[in-house]
Amino acid sequence: MARGKLRIYLGAAPGVGKTYAMLSEAHRRVERGTDCVVAVVEHHDRPRTEVMLRGLEQVPRRELEYRGGVFPEMDLDAVLARRPGVALVDELAHTNVPGSRHSKRWQDVEDLLAAGIDVVSTVNIQHLESLGDVVESITGVRQQETVPDEVVRRADQIELVDMSPEALRRRMAHGNIYRPDKVDAALSNHFRPGNLTALRELALLWVADRVDARLTRYRSEQGVSRIWGSRERIVVGLTGGPEGRTLIRRAVRLAEKGAGGEVLAVYIARSDGLTSASPKELALQRTLVEDLGGTFHHVVGDDIPAALLAFARGVNATQLVLGSSRRRAWQYVFGPGVGATVARESGPDLDVHIVTHGEIAKGRGLPVARGARLGRSRRVWGWLVGVAGPPILTALLSAVDLGLANDMLLLLALTVAAALLGGLLPALASAAVGSLLLNYFYTPPLHRWTVSDPKNIVAIVIFVAVGAAVASVVDLAARRTHQAARLRAESEILSFLAGNVLRGETGLEELLERVRETFGMESAALLERAGDVEPWTCAARVGRGRPVERPDQADVDVPVGDHMALALTGRVLPAEDRRVLAAFAAQAAVVLDRSRLQEEADRARTLAEGNRIRTALLAAVSHDLRTPLAGIKAAVTSLRSEDVDWSEEDRAELLEGIEEGADRLDHLVGNLLDMSRLQTGTVTPLIREIDLDEVVPVALGGVPEGSAELDVPETLPMVAVDPGLLERAVANLVENAVKYAPPGTPVLVAASALADRVEVRVADRGPGVPDVAKDRIFEPFQRYGDAPRGAGVGLGLAVARGFAEAMGGTLNAEDTPGGGLTMVLTLRAAGSRLSLLPADGYAEGPAADSERQAS
């Protein structure tokens, strides 16, 4: 069955028109022939809203009694039986009256959606769970009725019903929201202009965030790469230098000027030696940007401007913040710099901010590892020095006679300079040109390409050999520097990756997104198959590139074992990048295996828990059912006996015993069946908010009078439990304690509150249990010491613990001070206590909350 669709009308405050808009939508759907019913709508005696109910089918409400009053609630079973196409369910955050199937109305809506029924609902922004603290700081009132944000985010449609604070206050003053006797108080409290403005801003920003998420998904699905300036998203380019913190703070200030701005800091790890990054400084900048609400990204790219622009366009950024260059004035002869290049190539859709700082023109400093092979500008200078330098030097030396040895040394120095600048080939060219010039101008016979003296031949050969050797050393050093810098960048990425994976902070999709972002690819997918001839399946995929069904369809694929591969689309990566990519692929396989092992462990834990509970149920059946069955059988046998003439009083007593035993069996079997269904997943505990003094006294009915003392204060908070399961658990604990309490010493049943928990303690003065046996007594058929088989030490404790854990509580054993054993049953206190309003009855929904605030 297809799941129903949820549409939510979201407002900033009561009275903006959410319910009216929902009813208007219902009339439009009915006119189109849609089967639409009103499951529950709160019109709060507002005439215009009440008129909108006319012409719509309404499902009668269910009336529930609570604390002496009768309250109408949505009849979930009736709506499910009616099975309309669309159901209107007002006030999504409403808390149901105890006795309903669920404690919250949004849980009722989940049942309707699961049944394939479309739902239209309403909610106010202050009832979103994540905004509770913010709303309290604005209004001074803590919202008691909330709905999880995820429930609202999952809605198929969210429509904002907006109204200016002034218009809303006019509606209030005209009596269109609350009754006249509450208008003045509401306008002076919750409906103050400042409160309404702040709540309106919260609603607008929350909806904007969701719209942005949908836009990002659409751009990814449609492969849109051009920047859409729908929201301010600011990218900060970091070099790892000390100016990075200044740039981050400046970007955050820019983001704060536009509502909903987002900051992304990116560090480009490159291999041409342009930047020198301090790992410590980068760590400090990462912490700073995350503390200020931004995100940090680490990307590898050989071309810094291109990598920055690609990243900015990939995240749909609108602004790019860069620092003024730290290069000295003379260094600009090698090029305009990153900032100028990015500004020139950014295009009209991306604003570039060049921010001044205290490190301008102070020099980059020597890198710890220079980064890469010789750059283009150095090679050009090397060729100029190597080819044009020897003729220029020869022309200068022709005017001065320094001797052959000095002339050779000067030309050799020029060859070394060409090697240092341009590497091997410019140095060899310099050596060749220099040797020819030496031969022609300085070795006899002069001005001829011959050498008469053998010693000069040796000198020229040594000259060429030294030049070639120096050039080789320079070229080797450049290649080693390139490798060291690249390995450093790789190690930084892999260290960050391994740390996140080992700490369990990275899921499979997050890891694949890191791969795609690091290598600048369009998409990344992890493919797997069960065997060599089985089809490939996609375990996870991120990015907007074309879908890949097999590794051979990808631009880059890295095998992981025999039946798994990491596939990327976008461009062909060089061979040197595949080492890091292979590490990413291996980590992706580890993350996938870990997630599956975790799922298997969870399933095994569930099965083990089910087996433990089923064993406890068998123990309870074999132990607890025997006594009432024996009593019933004995009474029936006595009544059927013809040897005894029973009086009417005796006969009535025996029949009463049969009835009591049957009732006890019926009660026990019902609880055991509920627990069995609970473990098989066919039923969940009916958690309600209830006072302990309504359940605990009933649980003492099975023990002799005077054998237990009760101390349950009326001031205790309510607990969220299943009353039937709680009664059975307490009854088992009390019966077990009474069996081992000394004669004449009653068992104490006391309750107390501790933080957000409520503890029920059942204490006896019996022999107690040593620490090593305290856990074992909760296992079925466990009897401590030399107790006879019929005594049943630990009777029902396994079932009691199972019931406690099913309700989200715990059951443990402690020593009673002065001797004995105390069973401690810990329960969850109710998250909010339902209150009654003297004038209006049961407080329901957002409007009721606002009425409480206004009054």
Side-chain angles (χ1 to χ4, degrees), residues 616 619-620 622-628 630-631 657 660-661 663-664 667-668 671 692-713 716 719 721 725-752 754 758-804 809-827:
S622 63
H623 207 300
D624 289 6
L625 295 184
R626 186 171 299 171
T627 300
E660 290 179 354
D663 290 341
R664 184 176 176 184
H667 181 70
L668 176 59
N671 282 340
L692 281 177
D693 55 10
E694 298 182 23
V695 178
V696 176
V698 180
L700 304 184
V703 298
E705 186 175 356
S707 60
E709 294 182 356
L710 188 60
D711 181 15
V712 180
L716 287 177
V719 292
V721 297
L725 299 184
L726 177 60
E727 178 185 343
R728 178 62 182 166
V730 174
N732 282 356
L733 297 178
V734 175
E735 292 173 3
N736 183 76
V738 168
K739 289 182 180 180
Y740 291 93
T745 305
V747 172
L748 176 61
V749 181
S752 60
L754 180 63
V758 175
E759 291 185 348
V760 179
R761 292 177 171 266
V762 181
D764 64 63
R765 293 290 181 179
V769 176
D771 293 339
V772 294
K774 281 187 173 63
D775 288 333
R776 194 167 63 247
I777 62 176
F778 291 101
E779 299 176 5
F781 298 109
Q782 294 297 320
R783 293 177 297 125
Y784 173 64
D786 56 354
R789 181 174 296 273
V793 174
L795 174 65
L797 293 185
V799 175
R801 173 173 274 190
F803 286 165
T810 59
L811 177 60
N812 298 291
E814 298 179 357
D815 292 327
T816 302
L821 187 67
T822 298
M823 293 294 176
V824 182
L825 176 61
T826 304
L827 305 170

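Here the structure is a predicted model, which means the values were calculated and not measured. Residue numbers count from 1 along this sequence.
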- Message: Please give me the minimum heavy-atom distance between Val747 and Ala741, naming the atom from each residue.
- Response: CG2-CB, 3.9 Å

- Which pair of heavy atoms, one from Val769 and one from Ala773, lies closest together, and at what distance? CG1-CB, 3.6 Å

- Query: Could you give the distance from CD1 (Ile777) to CZ (Arg801), rounded to the nearest 0.5 Å?
  - Reply: 8.5 Å

Show me the donor-acceptor pairs, under 3.5 Å and distance only, between side chains in residues 814-826 and residues at least two apart or in other chains.
residue	atom	partner	partner atom	Å
Glu814	OE1	Arg761	NH1	3.1
Asp815	OD1	Lys774	NZ	2.8
Thr816	OG1	Asp764	O	3.3
Thr816	OG1	Leu821	N	3.2
Thr816	OG1	Leu821	O	3.1
Thr816	OG1	Thr822	N	3.3
Thr816	OG1	Thr822	OG1	2.5

- Stepwise side chain to side chain contact (heavy atoms under 4.5 Å, CB included) test for Val734 and Val738: CA-CA 6 Å; Val734 175; Val738 168; 4.1 Å; yes

- Query: So, for Pro742 and Gly766, which heavy atoms are closest and what is the spacing to 0.1 Å?
  - Reply: CD-N, 3.8 Å

- What are the two closest heavy atoms between Leu710 and Pro697, and how far apart are they? CD2-CG, 3.6 Å

- For Val730 and Val695, what are the C-alpha separation, side-chain angles and deciding distance, and is it a side chain to side chain contact (heavy atoms under 4.5 Å, CB included)? CA-CA 9 Å; Val730 174; Val695 178; 5.9 Å; no

- Criterion side chain to side chain contact (heavy atoms under 4.5 Å, CB included) on Phe778 and Leu811, from CA distance to verdict: CA-CA 9 Å; Phe778 291 101; Leu811 177 60; 3.6 Å; yes

- Message: So which atom in Ala708 and which in Pro746 form the shortest heavy-atom distance, rounded to 0.1 Å?
- Response: N-CB, 4.1 Å

- Item | Residues which pass salt bridge (charged side-chain N to carboxylate O under 4.0 Å, His left out) with Asp693, listed by chain and number, not counting sequence neighbours | none

- Task: Run the numbers on Leu726 and Leu827 for side chain to side chain contact (heavy atoms under 4.5 Å, CB included), then give the verdict.
- Result: CA-CA 10 Å; Leu726 177 60; Leu827 305 170; 3.8 Å; yes

- Message: Quick check: closest heavy atoms across Pro713 and Ala751, and the distance to 0.1 Å?
- Response: CD-O, 3.5 Å

- Query: Is the closest side-chain heavy-atom distance between Leu700 and Val749 below 4.5 Å?
  - Reply: yes

- Message: Rounded at 0.5 Å granularity, tell me how far OG in Ser707 sits from NZ in Lys739.
- Response: 12.5 Å

- Query: In Å, rounded to the nearest 0.5 Å, how long is the span from CD of Glu759 to CG of Leu716?
  - Reply: 11.0 Å

